[in-house]
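Everything below concerns the one structure shown next.
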Amino acid sequence: MNLSKSDKILVTCGLPYANGSAHLGHLRTYIPGDAYTRYLKRFGLDVIFFCGSDTHGAPIELAAVQAGLSPKEFTEKYHTHYKSIFERLNINVDLYGTTEAPYHYRRAQTIIRILEKNGHIETREVGLPYCETCQTFLADRFLTGTCPYCGAQARGDECDQGCQRYLDADQLIDPRCVTCGNPSIIKKTRHHFFKLPDFTDFLIKYNEQLKGTPLARNYALGWIRQGLKEWNISRNLKWGIPYPDDDELVLYVWAENYAGYISFTEEWARQKGADWEKYWIRDGKLVHFIGADIVYHHAIFWPAILKGANYNTPYAVVASGMVKVEGHGLSKSRGFVIDIEDDFIKNQIDLDAVRYYMLSYTGFTKDLDFVWKDFQTKMNNELVGIFGNYAYRVLLFIHKNYGKIPEGSLTPETKQKITQTIESVQKSVDEFRFKEAIDNTMQLAAYGNTTFQQCEPWKSIKEDSTRCQSDLYQCLQLLKAIAILIEPAMPTVAERLWLQVGQTGNVHETTVKDCLEPLTSEIKLPKPKVLFTKMPDEIVEKMSTILTHRIKSARSKAN
RNA sequence: AGCGGGGUGGGGUAGCCAGGAUAUCCCGCGGGGCUCAUAACCCCGAGAUCGGUUGUUCAAAUCAAUCCCCCGCUACCA
């Protein structure tokens, strides 16, 4: 492993934006982030894990108004939602925080103050589009006008109805306010800029040694090569964290939300009597799990802020691929979305199977296409057929014939097989290859099925009970190892299997060493229950129909 | 348009950086076997011009050039 037992490892996931319900796109990073943390714990490493709600910014202010709520009420609603979704999916964070909490305000403002003190911030006047009727500054997407290239009506950020070109707001001909339609004017206003170019040399060196997925590194280096600009970290909004000593402005969300990684650690440390500085000031190994869409924030802005404010910089940035639904890019407005609560939870989809699918359908860095039919296939063949069936046939056979762990001891073959699997899983996790780690673990079940078949215990039990028991002992030991190694992917299933193989204690506190800890013969085994049930065709059809309707109704709304 | 990532049997992957003989593994498909098990499991088999073209080389999935396609980002969506 790249990490060692003396490392203080801190894992985070990108914060969900509290303006809508949890969907499949979120799970693309939260499940791997959680699985990674659990793997590290199984490897005996010292690791904590944080996430929380991102609650500020213009879209939330706007959405709250539309929902007839205050921004605070609005974000509290979704904060509670995300917190419960995390719990339901066993995404086991040490603290699920929120950027609306006082502890977060304090840390975010402190960081800015330190940056000011260290001379990394410049304050100056800039002219920005302003609507005199609405008495508000207009963000690019709230400007409309004529596209200078094709003449179509366009937004300030892109020509969304015409040539699709990316635009700068000042390129728009005849710019107007989206809300009231009146012409916008340019008004001078004071803003605070983070002097990012000062960090160019640091960021190049930093990214060259940054661990994580290659995507993050290469992408950031490309960006830096194009030249860094000063970055406006203040906004003319009411909703947000007040800019320190400048009450007219708030902090731009992207200048404060990832401070949550620190503030959540602080709050956790306060509750537990632990030391947050150990992670953020002294010797922490910080690992950020994010979607590929926010690499530049985490490989450029964030390390520069941390460096400029004298904190530790991230050890690794781990970027997942994006999510597609039935072949289309995830899009709520077009209906290509799977909602965690409405689709998975309300229809009682096995959430451990969802975790398994998200982790093992394709490589972590690739785009993942969610297809209900494929979900069913993986569920029924791999989880029910190979894994679940192996566990059940072994446990039921033993239970019927012996009722307790059979006599035997670990053979060199079994020992070697388990050892090899542990090693390959460790290597895979070290490289953030979760599909490979799971495939390797499942390989143990496939191996178990083969040996069970070859040993033919249903015959040997009549002819050679000693051999039969020894063979079954090996099979059971494999199951114990699987329970531990699959725990990061499917924690609930691991718990159930752990009890079924006659183990006491908590599988979530085991380490991979326990995989080879020999079973104690004579321990009574409970009557086994199947680990997974098959997903029937009717459910697949039902879910596919729900999705089809969602897409259709989104299409008719758009027209 | 620029930058980054990707394209390998029907789906998903390994191999690519350090070029080498029959291109790996899982699922699906076809055939056989077993009967402990959730019509599950085990074995065998078919199936790939490695996105296209050109080049370097004794030898290219792998290196170079060029083109096509998909995804992400481009600093005011988060």
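Within every chain, numbering begins at 1; the chains are lettered A, B, ... in the order of the sequence lines, protein sequences first and strands thereafter. Just the heavy atoms: all of them, side chains too, but no hydrogens, waters or symmetry mates, feed the values below.
In this model, a side-chain donor or acceptor of Y296(A) finds a partner on the base of A78(B) within 3.5 Å. Counting atom types as modelled, W231(A) pairs no side-chain N or O with a base atom of A75(B) as donor and acceptor under 3.5 Å.
Atom CD of Q453(A) is separated from atom P of C41(B) by 10 Å (rounded to the nearest Å). Rounding to whole angstrom units, CG of residue N381(A) and C1' of C27(B) are separated by 7 Å.
Heavy atoms of V530(A) sit under 4.0 angstrom from at least one base atom. L196(A) comes within 4.0 angstrom of a nucleotide base, judged by non-hydrogen atoms across all strands. Residue contacts shown for Y390(A) are absent, as no nucleic acid heavy atom lies under 4.0 Å away. Here L330(A) lies out of heavy-atom contact (under 4.0 Å) with every strand. Nucleic acid contact for I60(A): none, since no nucleic acid atom lies under 4.0 Å from a heavy atom of the residue. Nucleic acid contact for I386(A): sugar-phosphate only, since backbone atoms but no base atoms lie under 4.0 Å from a heavy atom of the residue. Using a 4.0 Å heavy-atom criterion, one finds that G227(A) contacts the bases of the nucleic acid, with or without backbone contacts as well. Residue K459(A) is classed as a sugar-phosphate contact, given heavy-atom separations below 4.0 Å to backbone atoms only. Across all strands shown, L15(A) has no heavy atoms under 4.0 Å from either base or sugar-phosphate atoms. Using a 4.0 Å heavy-atom cutoff across all strands shown, F137(A) reaches no nucleic acid atom at all. Residue contacts for P59(A): at a heavy-atom cut-off of 4.0 Å it reaches the sugar-phosphate backbone alone, with no base atom in range.
With both ends at atom C1', the span from C58(B) to G51(B) equals 28 Å, rounded to whole Å. Taking the C1' atom of each, A61(B) and U22(B) are spaced 16 Å apart, rounded to whole Å. As rounded to the nearest Å, C50(B) and U8(B) have P atoms that lie 12 Å from one another. For the C1' atoms, the distance linking G15(B) with C42(B) amounts to 28 Å, nearest Å. Using C1' as the reference atom, A46(B) and A60(B) are 27 Å apart when rounded to the nearest Å. Atom C1' of A48(B) sits at a distance of 24 Å from the matching atom of G55(B), rounded to the whole Å. Rounded to a whole angstrom, the distance from the P atom of G4(B) to that of A40(B) is 48 Å. Taking atom C1' in both C43(B) and U57(B), the straight-line distance is 42 Å, to the nearest Å.
Both distances falling under 3.5 Å, in either a Watson-Crick or a G-U wobble arrangement, occur for no nucleotide opposite G9(B). Figure legend. G72(B) is base-paired to C3(B); pairs are counted as Watson-Crick or G-U wobble with both atom distances under 3.5 Å. Base pairing annotation: C63(B) forms a Watson-Crick or G-U wobble pair with G55(B), both donor-acceptor distances under 3.5 Å.
We find that E436(A) and K427(A) are not joined by a salt bridge, their nearest charged nitrogen and carboxylate oxygen being 4.0 Å or further apart.
Aromatic ring orientation, Y296(A) versus F301(A): perpendicular (interplanar angle above 60°, classes split at 30° and 60°). Aromatic ring pairs are classed by plane angle as parallel below 30°, tilted from 30° to 60° and perpendicular above 60°; the pair Y96(A) and H79(A) is parallel. The aromatic rings of W231(A) and H297(A) lie tilted to each other, with the angle between the two planes from 30° to 60°.
For residues 54-64 of chain A, every residue pair satisfying the side chain to side chain donor-acceptor pair (under 3.5 Å) rule, not counting sequence neighbours, is listed here: D54(A)-N257(A), T55(A)-T99(A), H56(A)-E100(A), H56(A)-E256(A).
For the pair R433(A) and T533(A), both in contact range of RNA chain B, the more 5′-proximal nearest nucleotide belongs to R433(A). In this structure, N449(A) and H56(A) both approach RNA chain B, and ranking their closest nucleotides by distance from the 5' end singles out N449(A).
Contact check, R235(A) against C76(B): a side-chain N or O comes under 4.0 Å of OP1 or OP2. Note on Y252(A): a side-chain N or O is less than 4.0 Å away from OP1 or OP2 of A78(B). Residue K373(A) places none of its side-chain N or O atoms closer than 4.0 Å to OP1 or OP2 of G11(B).
Side chains of D246(A) and H192(A): a donor on one and an acceptor on the other come within 3.5 Å.
Not less than 6.0 angstrom separates the ring centroid of Y392(A) from the ring centroid of F397(A).
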Using nucleotides 1-8 of chain B, report all nitrogen or oxygen pairs with the protein that are shorter than 3.5 Å.
{"residue": "C3(B)", "atom": "O4'", "partner": "Q226(A)", "partner atom": "NE2", "Å": "3.4"}
{"residue": "G5(B)", "atom": "OP1", "partner": "N218(A)", "partner atom": "ND2", "Å": "3.0"}

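Under the salt bridge (Lys or Arg N to Asp or Glu O under 4.0 Å) criterion, K529(A) pairs with no residue at all, not counting sequence neighbours.
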(message) Determine whether I60(A) and W239(A) satisfy the following criterion, side-chain contact (heavy atoms from CB on, under 4.5 Å), listing intermediate values before the conclusion.
(response) CA-CA 8 Å; I60(A) 280 182; W239(A) 175 240; 3.5 Å; yes

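Side-chain atoms of T450(A) lie closest to C42(B) of the nucleotides C76(B), C42(B), U38(B).
Put simply, F397(A) does not rest on the base of C36(B): the two rings are not both less than 5.5 Å apart at their centres and under 30° in tilt.
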